[in-house]
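Accompanying notes for the structure given below.
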Amino acid sequence: MATAEGQGPENPHGIRAGPSGACRLGGKSPDSRAMKFRTHTCAALRAGDIGSRVTLAGWVGSRRDHGGVVFVDLRDREGITQVVFRPEEHPAVAEAAHGLRDEDVIKVSGTVARRLEGTENSKLATGDVEIVADEIVVLNKAEVLPFPLDEQIANEDLRLTHRYLDLRRPAMASNLRLRHRVIKTVRDVLDADGFWEIETPILSKSTPEGARDFLVPSRLNPGSFYALPQAPQQYKQLLMAAGVEKYFQIARCFRDEDLRADRQPEFTQADIEMSFITAEDIFALIERMFVAVFREAWGVEIATPFPRMTYREAMDRFGSDKPDTRYAQEIVDVGDIFAGTEFKVFRGALDGGGVVRALNAKGLAKITTGQIEELTGMAKQFGAKGLAFIKCENGEWKSPIVKFFTEAEKAALRERLSIEEGDLVLFGADRRDIVCEVLGRVRLRAVEILGITHDPRRLDFLWVVDFPLLAWSEEEQKWNAVHHPFTRPKAGDVALLDEERHADVRAEAYDIVLNGVEIGGGSIRIHEADLQAKMFSVLGVGEDQQASMFGHLLKAFRFGAPPHGGIALGLDRLVMLLAHAESIRDVIAFPKNNRGVELMTASPSAVDFRQLRELYIASTKKA
RNA sequence: GGAGUCUUAGCUCAAUUGGUUAGAGCGCCGCCCUGUCACGGCGGAGGUUGCGGGUUCGAGCCCCGUAGACUCCGCCA
């Protein structure tokens, strides 16, 4: 390292104390010390280090210039150490310190000293000591920043445009560190269990099912395209056919759909697949993994096994396939109470084979008319004709519908829903799936309006099991896979496929839900070619398409593929929960905004026509 | 594709019913200050109120359009 540290013209801000070239090095030569940029991090020094000579490097966090003595909070990713510049001891160094500005990068050498009596800072881990600087090298001056690093900033555009500055903020650095620790823990748990981490192609093949693909044109095969993987699904199953038995990958996945606060076009999954296992093996493995992850991230011991609930029960009780079980309010069926009702709305729903269900939003009678309208609008958006309600206020039931109820019905309702003063009861009367969805959404909004908060460390894990295999798509007028086309029907339900009772077939599929957020999902797969072919047929994938799109998989299944299954965990969402972040963008180093634009580099961008020509691509966009 | 909210100084925000020269804190610049840690004091610079149009004697504020950001719906096997 021949680069001078402040002596040459290339470092005009370098100032040294004492006679030119003189260094106090405790016997070490300047050259040997020059090999080391710093002796400690900014979080390392304690009272035990008092008297030793140290060198730190970092950013000027804040500068408190008293005209004479100057204090600088020197920050690196580990922490902060106070540096004091004393003109009476090192005048040239103190003079240089007057010129420091926020975020200048400096290297400081000096002696660790106990802070003066009464000036210790208990907020800093290093707050008992300070460094009395006798040498400073300004490694790089910083211009005035576009936004302050020491306060909450609302303008996310600005943060993303200058992400390298945003990530200097301790809260963001802490998220990056947390993410690293979580991924490291996942790797360690899987490695200890005999898993092999195997990379699969990023340039892969488009398949008809699922989300919209990102496409990559192939120069060597004009007119052909790779697709970026939505998940390494087929490759990992083929690795099972290859006898790998235990595979995992911290896999980047790509889906070209609209973004959300918890959704990015590229995201990371902990992708796992195993052979010769049942769902129980997956549950046990993942529970073990979460124990390790939460121990590492939060230092807590979580309880296992996690509760389980069937999809059907989740929909009936919570109106969601990812129920937030932290909230007590549940949906209750009241169809039997109104079996003889004359109230047209309920009568019609029941006679039409639908259901009448209710949700008691405890304490929400204070709801405003505007909020009732909002809930009603929400109900209509999800297919209901309206949203009936009873406000229980001042000892009476205020409601446009209660006049249609008999005394017996009212009494039964009161008991079934434990209705008390201050409650708001909301009704859904319609097709079962609509009522579930509507009351499920209303339930979450009611909780929001009530402002119910929980211990931020509360963790309600839940396995949701027995998902339906298929769902009818009105839009496409065909059956689609609820999970994906490779999911295994439950053994007892395979016969239902032949009977054309597609809606009743349950899958060997499971999701893991934490506090109402789906953080992972998986299934036991089909490993027999004939069953897989039948599944494709049900999904409307013809034989020709099966051969061209999935021939490799079907063939592999004919050459001795073992029974297998797996799961994928959404790492971004998991880290988001662990970090208590409100946006997935806060746990990704360089995320994309709502429109899929990465603001710092301004990608995506137009490309030169020659690049397109090489790829045999022409844009149809009108200029 | 649809709905909602937002856009005022570098940053965070204010500006009564439409009414004088659009303010404050932080930051920035200058001067002063030897124990601060949100250091302090004095002074100063900094604005096409996103953009375009309209209503009005007068628009940051009202209306229309447009751009951008965020949140949600659709979408996301």
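Residues A:His66 and A:Phe71 form a side-chain contact, since some pair of their non-hydrogen atoms from C-beta on lies under 4.5 Å apart. Side-chain atoms of A:Phe147 and A:Asp166, non-hydrogen and from C-beta on, do get closer than 4.5 Å to each other. Residues A:Asp271 and A:Tyr247 are in side-chain contact: their nearest non-hydrogen atoms beyond the backbone lie under 4.5 Å apart.
Remark: the A:Arg255 side chain and the B:rC76 base include no donor-acceptor N/O pair separated by less than 3.5 Å.
Note on A:Arg260: a base of the nucleic acid sits closer than 4.0 angstrom, heavy atoms only. Within the 4.0 angstrom heavy-atom criterion, only backbone atoms of the sugar-phosphate kind lie near A:Arg441; the bases stay farther away. Heavy atoms of A:Arg101 sit under 4.0 angstrom from primed sugar atoms or phosphate atoms, though from no base atom.
Each of A:Arg114 and A:Gln233 has a nearest nucleotide on RNA chain B; the 5'-most of these lies closest to A:Arg114.
Checking B:rG60 for Watson-Crick or G-U wobble geometry (two distances, each under 3.5 Å) identifies no partner in any strand. The partner of B:rU17 is absent, by the rule that a Watson-Crick or G-U pair needs both atom distances under 3.5 Å. Across all strands shown, B:rA22 forms no Watson-Crick or G-U wobble pair with both distances under 3.5 Å. When Watson-Crick and G-U wobble pairs are counted only if both distances are under 3.5 Å, B:rU8 pairs with no nucleotide at all. Using N1 to N3 plus N6-O4 or O6-N4 for Watson-Crick, or N1-O2 and O6-N3 for G-U wobble, each under 3.5 Å, B:rG40 pairs with B:rC32. Across all strands shown, the partner of B:rG65 is B:rC51, judged by Watson-Crick or G-U wobble contacts whose two distances both fall under 3.5 Å. Using the Watson-Crick or G-U wobble rule with both distances under 3.5 Å, B:rG27 pairs with nothing in any strand shown. Pair assignment for B:rA45: none, as no Watson-Crick or G-U wobble contacts are both less than 3.5 Å.
Look at CG on A:Asp586: it is 10 Å from P on B:rU71, rounded to the nearest Å.
Aromatic ring orientation, A:His162 versus A:Tyr164: perpendicular (interplanar angle above 60°, classes split at 30° and 60°). Between A:Phe550 and A:Phe536, the two ring planes are parallel [angle under 30°; tilted spans 30° to 60°].
Between A:Lys592 and A:Glu598 there is no salt bridge, since no side-chain nitrogen of the basic residue lies less than 4.0 Å from a carboxylate oxygen of the acidic one. A salt bridge is absent between A:Lys322 and A:Asp511; no separation between the charged side-chain nitrogens and carboxylate oxygens falls under 4.0 Å.
In this structure, the nucleotide among B:rC73, B:rC70, B:rC75 sitting nearest to the side chain of A:Glu156 is B:rC70. With B:rC11, B:rA69, B:rU34 as the candidates, the nucleotide lying closest to the side chain of A:Asp157 is B:rA69. Side-chain proximity of A:Ala261 to the nucleotides B:rU71, B:rC28, B:rC73 is greatest for B:rU71. Of the candidates B:rC76, B:rU34, B:rG30, the closest approach to any side-chain atom of A:Glu88 belongs to B:rU34.
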List, with names and distances, any nitrogen or oxygen atoms from the protein found under 3.5 Å away from nitrogen or oxygen atoms belonging to nucleotides 36-43 of chain B.
{"from": "B:rU36", "atom 1": "O4'", "to": "A:His66", "atom 2": "NE2", "distance (Å)": "3.1"}
{"from": "B:rU36", "atom 1": "O2'", "to": "A:Arg64", "atom 2": "NE", "distance (Å)": "3.4"}
{"from": "B:rU36", "atom 1": "O2", "to": "A:Arg64", "atom 2": "NE", "distance (Å)": "2.5"}
{"from": "B:rU36", "atom 1": "O2", "to": "A:Arg64", "atom 2": "NH2", "distance (Å)": "3.1"}
{"from": "B:rU36", "atom 1": "O2", "to": "A:Gln82", "atom 2": "OE1", "distance (Å)": "3.4"}
{"from": "B:rU36", "atom 1": "N3", "to": "A:Gln82", "atom 2": "OE1", "distance (Å)": "2.8"}
{"from": "B:rU36", "atom 1": "N3", "to": "A:Gln82", "atom 2": "NE2", "distance (Å)": "3.0"}
{"from": "B:rU36", "atom 1": "O4", "to": "A:Gln82", "atom 2": "NE2", "distance (Å)": "2.8"}
{"from": "B:rC37", "atom 1": "O4'", "to": "A:Arg64", "atom 2": "NE", "distance (Å)": "3.0"}
{"from": "B:rC37", "atom 1": "O2", "to": "A:Gln82", "atom 2": "OE1", "distance (Å)": "3.4"}
{"from": "B:rC37", "atom 1": "O2", "to": "A:Asn121", "atom 2": "ND2", "distance (Å)": "3.0"}
{"from": "B:rC37", "atom 1": "N3", "to": "A:Arg115", "atom 2": "NH1", "distance (Å)": "2.7"}
{"from": "B:rC37", "atom 1": "N4", "to": "A:Thr119", "atom 2": "O", "distance (Å)": "2.2"}
{"from": "B:rA38", "atom 1": "OP2", "to": "A:Lys123", "atom 2": "NZ", "distance (Å)": "2.9"}
{"from": "B:rC39", "atom 1": "N4", "to": "A:Asp65", "atom 2": "O", "distance (Å)": "2.3"}

Polar-atom pairs under 3.5 Å, protein N or O versus N or O of nucleotides 3-10 of chain B: list them with distances, or write none.
{"from": "B:rG10", "atom 1": "O2'", "to": "A:Pro146", "atom 2": "O", "distance (Å)": "2.5"}

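For A:Arg595 and B:rG68, the shortest distance from a side-chain N or O to OP1 or OP2 is below 4.0 Å.
When each of A:Glu528, A:Gln532, A:Met549 is paired with A:Leu554, the side-chain contact (heavy atoms from CB on, under 4.5 Å) condition holds for A:Gln532 and for no other.
Look at the C1' atom in both B:rC28 and B:rU34: the space between them is 25 Å, to the nearest Å. With C1' as the reference atom, B:rG30 and B:rG46 are 15 Å apart, rounded to whole Å.
More than 12 heavy atoms of other residues, nucleotides or ligands sit less than 6.0 Å from atom CZ of A:Arg115.
Contacts of A:Phe214 classified as ring pair (Phe, Tyr, Trp, His ring centres under 6.0 Å), with partners at least two apart in sequence or in another chain: none.
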